[in-house]
Protein chains: 2
Amino acid sequence: MTAGNGRTATGDTVAKVVRQWQTVHPDLDTGPMEIIGRVNRCAALLQQAEDAPLRRAGLARPEFDVLGTLRRTGHELTPSEIARETFSSGAAVTKRLKLLTERGLVERRGDARDRRVAHVRLTDAGRDLVDAILPEQLAYERAVLSGVDADRQHDLAALLGELLIQLEGRLGAPRV
Amino acid sequence: MTAGNGRTATGDTVAKVVRQWQTVHPDLDTGPMEIIGRVNRCAALLQQAEDAPLRRAGLARPEFDVLGTLRRTGHELTPSEIARETFSSGAAVTKRLKLLTERGLVERRGDARDRRVAHVRLTDAGRDLVDAILPEQLAYERAVLSGVDADRQHDLAALLGELLIQLEGRLGAPRV
DNA sequence: CCGAGATCTTTCACGAGTAAATTACCTGCT
DNA sequence: AGCAGGTAATTTACTCGTGAAAGATCTCGG
């Protein structure tokens with residue numbers, strides 16, 4: 001079937017899967033797979049292998065996301081705001097903040113008026129860490145993407161943005 | 001520019017994040033985020049909300065992937081082959097097969113020559129389930145994507161395919 | 001002013017995935 | 001033959017995320 005050399009002779013993994021489905025169910029419209037399947041596969045590959053600079057700093061991606069969120073907004077955030085911003089559950093944020101606090105990367109402060117809420121901010125060490133890692137991480141990502149030429153990267157980014165808007169409107173805010 | 005709906009005033013979530021970073025670090029090349037950030041976000045949204053037809057059948061996506069793999073290849077597979085094909089660890093496959101066997105969706109058979117290996121195949125019920133769910137799942141996915149017009153879907157699929165080839169070559173098989 | 005209900009955060013119990021160790025088996029070398 | 005080393009699958013111990021409930025506090029109507 002295949003050329004027999006190491007790589008898939010024709011296209012990517014998803015293309016092969018689609019071809020198999022076509023053989024079994026020739027009348028199936030497999031169009032969605034070619035997008036959704038590829039998005040999932042890309043994300044899996046990226047998440048699995050792509051965070052080398054982060055791991056070197058002893059951080060997992062979700063933890064770094066918390067730090068990054070604090071850094072890029074530039075001000076204190078409450079745990080709920082962080083949860084919303086990082087798309088994760090409150091419970092997960094609680095755990096991450098505990099960890100990051102123990103490592104001295106973030107600090108918390110109670111609200112004077114409303115004692116239910118906490119305010120979280122980066123420590124100097126936390127800010128320095130983000131500023132040190134982020135360029136490395138971006139350089140790493142740039143290397144990973146370097147096989148796709150600049151024009152296509154641009155097109156891809158634009159199309160993904162369009163898709164994301166649809167998904168966010170459709171799945172992220174189903175209630176209006 | 002606004003969709004009139006007032007949610008995200010300009011672009012998607014990732015665009016907002018990138019803009020925040022530009023404010024804090026104007027000289028940072030955030031190009032990679034526009035692709036990788038969006039891929040991750042799309043995958044998260046899709047995985048979170050997109051598998052309604054599967055959940056209706058009491059299956060999670062990874063379990064369905066096992067069934068789908070068996071169905072589309074059309075023949076028996078060993079657990080290792082399934083693991084390779086679904087990009088997951090052997091341990092995960094063991095657990096999923098246990099579950100799927102209990103539900104009567106797959107069967108196992110020992111190899112006559114090599115008693116270490118097992119051969120897994122779909123039962124009739126398993127095959128019927130896949131054949132019933134897959135069209136629903138694809139219809140659902142088509143609906144999710146329907147906000148993007150057909151030409152762009154095609155372009156997007158092609159560009160994602162190109163990216164995936166790069167990632168698979170670079171991350172999937174780093175060593176020859 | 002008081003209590004019902006809402007809101008913010010944390011705790012708890014659990015499910016699912018992983019890496020590493022384990023078990024069982026095969027193969028090739030001497 | 002017999003053992004060294006490799007491979008297939010499973011088991012084990014652990015991590016991390018989630019939903020649901022709890023705990024603490026606020027707000028507002030009567």
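Note that the structure is predicted; figures quoted are calculated from it, not measured. Below, chain A is the first sequence line, B the second, and so on; all start at residue 1.
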Nearest listed nucleotide, side chain of [X], among [options]:
X: B:Pro79; options: D:dA13, C:dA13, D:dT10; answer: D:dT10
X: B:Thr94; options: D:dC26, D:dT18, D:dT10; answer: D:dT10
X: B:Ser88; options: D:dT25, C:dT18, C:dT11; answer: C:dT18
X: B:Asp114; options: D:dT18, C:dC25, D:dC26; answer: C:dC25
X: A:Arg116; options: C:dG17, D:dG6, D:dC26; answer: D:dC26
X: A:Ser89; options: D:dG19, C:dG17, C:dC26; answer: D:dG19

Could you give the [atom1]-to-[atom2] distance, from [X] to [N], as a whole number of Å?
X: B:Leu97; N: C:dG17; atom1: CG; atom2: P; answer: 12 Å
X: B:Gln47; N: C:dA16; atom1: CD; atom2: P; answer: 15 Å
X: B:Arg113; N: C:dT27; atom1: CZ; atom2: C1'; answer: 15 Å
X: A:Lys95; N: C:dC12; atom1: NZ; atom2: P; answer: 11 Å
X: B:Arg96; N: D:dT10; atom1: CZ; atom2: P; answer: 13 Å
X: B:Asp111; N: C:dT27; atom1: CG; atom2: P; answer: 10 Å
X: A:His119; N: C:dC8; atom1: NE2; atom2: P; answer: 11 Å
X: A:Glu63; N: D:dT15; atom1: CD; atom2: C1'; answer: 11 Å

- Would you say the base of D:dT11 and the side-chain of B:Lys98 have a donor-acceptor pair closer than 3.5 Å?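 Flag unset: no donor-acceptor pair detected.
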- Task: Go through the N and O atoms of the side chain of A:Arg115 and the base of D:dT25, and report whether any donor-acceptor pair is under 3.5 Å.
- Result: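 No pair found.
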- Message: Between B:Thr101 and B:Glu107, is the side-chain hydrogen bond (donor to acceptor under 3.5 Å, both in side chains) condition met? List the steps.
- Response: CA-CA 6 Å; B:Thr101 304; B:Glu107 286 172 344; over 6 Å; no
- Item | Working for side-chain hydrogen bond (donor to acceptor under 3.5 Å, both in side chains), residues B:Glu162 and B:Gln166 | CA-CA 7 Å; B:Glu162 217 181 303; B:Gln166 296 299 323; 5.9 Å; no
- Message: Side chains of B:Thr30 and B:Gln22: any donor to acceptor distance under 3.5 Å?
- Response: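 Result is yes, a qualifying pair exists.
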- Query: Per the side-chain contact (heavy atoms from CB on, under 4.5 Å) rule, which among B:Glu81, B:Glu85, B:Arg84 passes with B:Thr69?
  - Reply: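 When side-chain contact (heavy atoms from CB on, under 4.5 Å) is applied between B:Thr69 and each of B:Glu81, B:Glu85, B:Arg84, only B:Glu85 qualifies.
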- Query: Which comes earlier along DNA chain C counting from the 5' end, the contact point of B:Ala91 or that of B:Leu99, where each point is its nearest nucleotide?
  - Reply: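 Between the two, 5'-proximity favours B:Leu99.
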- What's the spacing between B:Leu156 CG and B:Leu163 CG if we round to 0.5 Å?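 Between atom CG of B:Leu156 and atom CG of B:Leu163 there are 10.5 Å.
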- With heavy atoms under 4.0 Å as the rule, sort B:Ala60 into base, sugar-phosphate or nothing.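 Answer is nothing: B:Ala60 stays at 4.0 Å or more from every strand.
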